Amino acid sequence: MQFVSCFKTLCSNKGLSTAFLILICTSVFLIVMVSWLSAKIGHIIHIDRNLSRLMNYNDSMSISLVHSYKDGLDDLVAERKKDSNRLSLNPCPETPPGLVGKLATNAPNITSSVTNDDSLKRVMYGGRYSPEDCIPRGSTAVIIPYRDREDHLNILTRHLHNILQRQQLNYQIFAIEMALPTQFNRGLLANIGFLFAKETGDFSCFVIHDVDAIMMNDKNLYRCGSQPRHLVTGSTKFRTGNNEYGLPYDSYMSGVIALTDSQYTKANGFSNVYFGWGGEDDDFNIRVQRANMKFERPEKEIGIYIAIPHETDSTNQKNPARFGILDVSAARQWIEGVNSFINNPLKIKYKRYAIEYRQYYTWLLIGVNEAAITKQYENFLGEPFAV
Ligand code: UD2
Ligand code: MN
């Protein structure tokens, strides 16, 4: 009633109704302006981020983007440690009790069996997790050399959080991305990821992981052994003679491997000179053998992976020089590898453009100069590069 009489007074008084109209118009104008401005600012930030991704590497360029939630993350981890002391927890059992074995997961329906639980709610910023009810037997860094496969990364990280929590591991997932326009270099990104993970946490096992490899059996434990481990025994990409999932050749060590700090360091990590697709995996196998180690695999049915189908990436073209580079793998093993980023006369320069502790993984954006690296090692690149 009061509202009606108020409205009548407003209509009968010309001055008042004009003022009211102006007030309404100004408010609407202000609301429109504020929403337009915030959309614009969001857009500018987005463009700025994309630009920084597209910037060419330049020696004099400083790191332009560093977002860090690390302080918060450290607090959480410290808190969890205090909790486990207070609750005097027991070590987690040797065989995790919640494993189900072969997953009800198939290629067109990859996420169905992994999204219906609370595992994602338990993940800490940076894609990190530690069991709440027991002391984990191992601490694993999952390192994914990565570029521009966001849909694969989303599937893989959700899948891993689900399974690695069932495996009662302390773990963290890292996506190491190479800034454009440089050709992709999987080995170099693995090395940088390994060093960064060591800087970030106390890991007993380092798993170098393709972004499109989805494990089909949760008994495939992401732990290390007394020898380097190739966790893949078969992939939906390859069929054997009797039409089972298999591997293309016996010395094939691609997709997912697990090594301790000392095993990785003893082999001197991956070679850094394979730009584009291919070669770095066979080279790494040679390195492991020359360092007197041998890859081991889990049982056949445990190590089957789904390979998410994909096209060839435009910035990861087949490297035509890869066979020549592979020929002189032995000559390069001790002069370039993971030691190229530490103390080394032929040290490789790189930039960390960004570090983000994202919700389900830690993301690193790396810039390198392909021409400079190739020049540095020109005498160690085999026939196609010989002058
Ligand atoms: C095979 C190997 C892989 C590697 C590669 C040769 C298998 C299961 N995997 O993969 O381990 O030796 O041959 O280099 O056989 N990536 C991106 N964005 C890109 C390009 C590559 O994220 O633009 C990453 C991603 O993690 C991917 C991996 O690099 O899984 C390997 O690249 P690929 O998937 O294009 O090559 P593919 O499937 O032949
Ligand atoms: Mn692939």
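Counting starts at 1 for both ligands and their atoms, following the listed order. Note that the coordinates shown come from a computational prediction; the quantities given were computed from them, not determined experimentally. Along the sequence shown, the residues carry numbers beginning at 1.
Residue contacts with ligand 1 do not include His152, since none of its heavy atoms lies under 4.0 Å from the ligand. The closest approach between any non-hydrogen atom of His310 and ligand 1 is below 4.0 Å. Remark: distances from the non-hydrogen atoms of Ser235 to ligand 1 are all 4.0 Å or more. Within the 4.0 Å heavy-atom shell around ligand 1 one does not find Asp148.
Residue Tyr274 does not touch ligand 1, judged by heavy-atom distances below 4.0 Å. Under 4.0 Å from ligand 1, heavy atoms of Arg147 appear from its side chain as well as its backbone. Residue contacts with ligand 1, taken as heavy atom pairs separated by less than 4.0 Å, involve Asp210 via backbone and side-chain atoms alike. Of the heavy atoms in Asp313, only side-chain atoms (C-beta onward) come closer than 4.0 Å to ligand 1.
Polar contact check, Pro145 against ligand 1: a nitrogen or oxygen pair lies under 3.5 Å apart. Considering both main-chain and side-chain atoms, Phe238 never comes within under 3.5 Å of ligand 1 through any nitrogen or oxygen pair. Between Phe184 and ligand 1, not a single N/O pair is under 3.5 Å apart. Considering backbone and side-chain N/O atoms, Glu280 comes within less than 3.5 Å of an N/O atom of ligand 1. Residue Val211 has at least one nitrogen or oxygen atom sitting less than 3.5 Å from a nitrogen or oxygen atom of ligand 1, judged on distance alone.
Taking 2.8 Å as the criterion, Asp212 counts as a coordinating residue of the Mn ion (ligand 2), since one of its N, O or S atoms falls below it.
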Q: Mind running side chain to side chain contact (heavy atoms under 4.5 Å, CB included) on Cys224 and Tyr264 for me, showing each step along the way?
A: CA-CA 11 Å; Cys224 281; Tyr264 196 90; over 6 Å; no
